[in-house]
Amino acid sequence: MIKDRLENGHAYDGLHKNFRMVMEILQSLNMEELENGRIELDGAFVYINVETVKGKRVEEAKFESHKRYIDIQVPISGTEKMGFAPVGDMKKLTDSDEAKDYFFYADKVKDVVEVKKGEFVIFFPEDAHAPMIDCGDVHKKIIVKVAVKPNEDFGL
């Protein structure tokens, strides 16, 4: 997991071939004007989901992880806390949808990171994460999905 300010996004260009493009786009967007929905950047390999979500208490938060995608999460309005833990520490897989690349866990959130407007967090496949903690009733955010292996055929 990585947390930083959007203006420092280029420090992570070398971690993935698409990170430079993603950070340039995130830095140029007028985020407040974005409407909910999906924005295609590179087909199934890189796309943005803009969502308005309802926050939850830490006790309600559920861990998730993804094997095929890296998540870059950016709050548009307010501050969001996100639980995080290594996938290798997760003990209770409760549900999964391999086709949709979602894996859920019953483990309780112990560690959280606070992510403010103007910041981002990157969750890799090795990072379980529990988003939308203590962010209020209405919270808008961006989730960029970056394929771990952009040359694979996902059959999407």
Side-chain angles (χ1 to χ4, degrees), residues 1-53 61-90 93 95-105 107 109-133 135 139-156:
M1 182 206 68
I2 294 170
K3 177 194 166 202
D4 205 340
R5 298 198 46 76
L6 282 171
E7 65 233 25
N8 299 329
H10 289 301
Y12 308 98
D13 288 354
L15 296 178
H16 190 284
K17 75 175 205 160
N18 288 319
F19 277 11
R20 176 182 290 271
M21 171 191 64
V22 168
M23 290 302 172
E24 286 175 356
I25 289 169
L26 288 174
Q27 291 170 358
S28 69
L29 285 175
N30 185 344
M31 294 184 190
E32 288 79 17
E33 292 183 5
L34 293 174
E35 294 192 22
N36 288 343
R38 182 170 164 149
I39 301 168
E40 299 287 340
L41 300 179
D42 186 13
F45 304 119
V46 184
Y47 61 93
I48 294 173
N49 285 327
V50 180
E51 301 177 352
T52 300
V53 297
K62 295 189 191 257
F63 274 112
E64 64 184 63
S65 69
H66 316 286
K67 291 182 181 177
R68 295 184 307 188
Y69 285 95
I70 299 164
D71 272 10
I72 302 174
Q73 299 198 17
V74 184
I76 295 174
S77 61
T79 298
E80 179 179 351
K81 293 180 183 171
M82 301 180 199
F84 65 94
V87 167
D89 291 352
M90 297 286 101
L93 181 65
D95 193 17
S96 64
D97 188 331
E98 189 87 32
K100 293 183 179 177
D101 195 38
Y102 276 101
F103 303 87
F104 296 98
Y105 307 88
D107 301 70
V109 174
K110 296 176 188 162
D111 297 313
V112 296
V113 61
E114 187 173 273
V115 187
K116 299 175 186 167
K117 182 177 177 179
E119 297 178 333
F120 67 91
V121 65
I122 302 173
F123 293 112
F124 294 92
E126 299 80 15
D127 303 319
H129 50 284
M132 301 175 293
I133 299 171
C135 60
H139 176 68
K140 197 166 183 181
K141 69 186 294 182
I142 290 173
I143 303 165
V144 182
K145 305 294 270 184
V146 180
V148 174
K149 297 178 182 175
N151 297 324
E152 268 187 23
D153 177 14
F154 289 155
L156 301 173

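Computed from a prediction, not measured in an experiment: that's the story for all the values here. Hydrogens, waters and symmetry mates are skipped; everything else that's a heavy atom, side chains included, is used.
- In this structure, CD on E32 lies 8.5 Å from OG on S77, to the nearest 0.5 angstrom.
- A distance of 4.5 Å separates CD1 in I48 from CG in L41, rounded to the nearest 0.5 Å.
- Of the possible donor and acceptor atoms, none in the side chain of E80 sits under 3.5 Å from a partner among the backbone N and O of E114.
- One finds the CE atom of M90 at 4.5 Å from the CZ atom of F63 (value rounded to the nearest 0.5 Å).
- Salt-bridge annotation for K140 and E51: absent, with no side-chain N of the basic residue lying under 4.0 Å from a carboxylate O of the acidic one.
- Between the CG atom in D42 and the NZ atom in K17 there is a gap of 7.5 Å [rounded to 0.5 Å].
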Given I72 and V146, is the side chain to side chain contact (heavy atoms under 4.5 Å, CB included) satisfied, shown in steps?
CA-CA 8 Å; I72 302 174; V146 180; 4.2 Å; yes
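- Residues T52 and I76 have side chains not in contact (no heavy-atom distance under 4.5 Å, counting atoms from C-beta outward).
- Here the straight-line distance linking atom OH of Y69 with atom CD1 of I143 works out to 13.5 Å at 0.5 Å rounding.
- The two residues P131 and K141 have their closest heavy-atom pair at CB-NZ, 3.7 Å.
- The nearest pair of heavy atoms linking K67 to V148 is O-CG2, 3.8 Å.
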Using the side chain to side chain contact (heavy atoms under 4.5 Å, CB included) rule, take I39 and I142 through it: C-alpha gap first, then chi angles, then the decisive distance, then the call.
CA-CA 10 Å; I39 301 168; I142 290 173; over 6 Å; no
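- When every heavy atom of V87 is checked against every heavy atom of P125, the shortest pair comes out as CG2-O, 3.4 Å.
- Scanning all heavy atoms of the two residues, the minimum distance from M1 to F84 falls at SD-CG, 3.8 Å.
- Atoms CG and CD1, on L15 and I70 in that order, are 8.0 Å from each other to the nearest 0.5 Å.
- Judged by distance alone, with hydrogens and angles left aside, the side-chain atoms of D127 form no donor-acceptor pair with the main-chain N or O of S65 at under 3.5 Å.
- Aromatic pair H16/F19: centroids less than 6.0 angstrom apart.
- Checking side-chain atoms of R5 against main-chain N and O of F120 turns up no donor-acceptor pair under 3.5 Å.
- For the pair V46/M21, a side-chain contact is recorded, criterion being any heavy-atom separation below 4.5 Å from C-beta on.
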Check step by step if side chain to side chain contact (heavy atoms under 4.5 Å, CB included) holds for R68 and K149.
CA-CA 7 Å; R68 295 184 307 188; K149 297 178 182 175; over 6 Å; no
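- E119 has no carboxylate O lying under 4.0 Å from a charged side-chain N of K117, or vice versa, which leaves the two without a salt bridge.
- D95 and Y102 share no side-chain donor-acceptor pair at under 3.5 Å.
- Between V144 and L26 there is a side-chain heavy-atom pair separated by less than 4.5 Å.
- Ring to ring, H129 and F123 are close: their centroids are under 6.0 angstrom apart.
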Going through the checks in order, is the side chain to side chain contact (heavy atoms under 4.5 Å, CB included) test met by F103 and D97?
CA-CA 6 Å; F103 303 87; D97 188 331; over 6 Å; no
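- The shortest heavy-atom contact between V109 and A130 is CG2-CB, 3.7 Å.
- Two residues are said to be in side-chain contact when any heavy atoms from C-beta on lie closer than 4.5 Å; Q27 and H10 meet this criterion.
- Around the NZ atom of K62, the shell of radius 6.0 Å holds no more than 12 heavy atoms that belong to other residues, nucleotides or ligands.
- Residues K145 and D71 are paired through a salt bridge, judged by an N-O separation under 4.0 Å between the basic side chain and the carboxylate.
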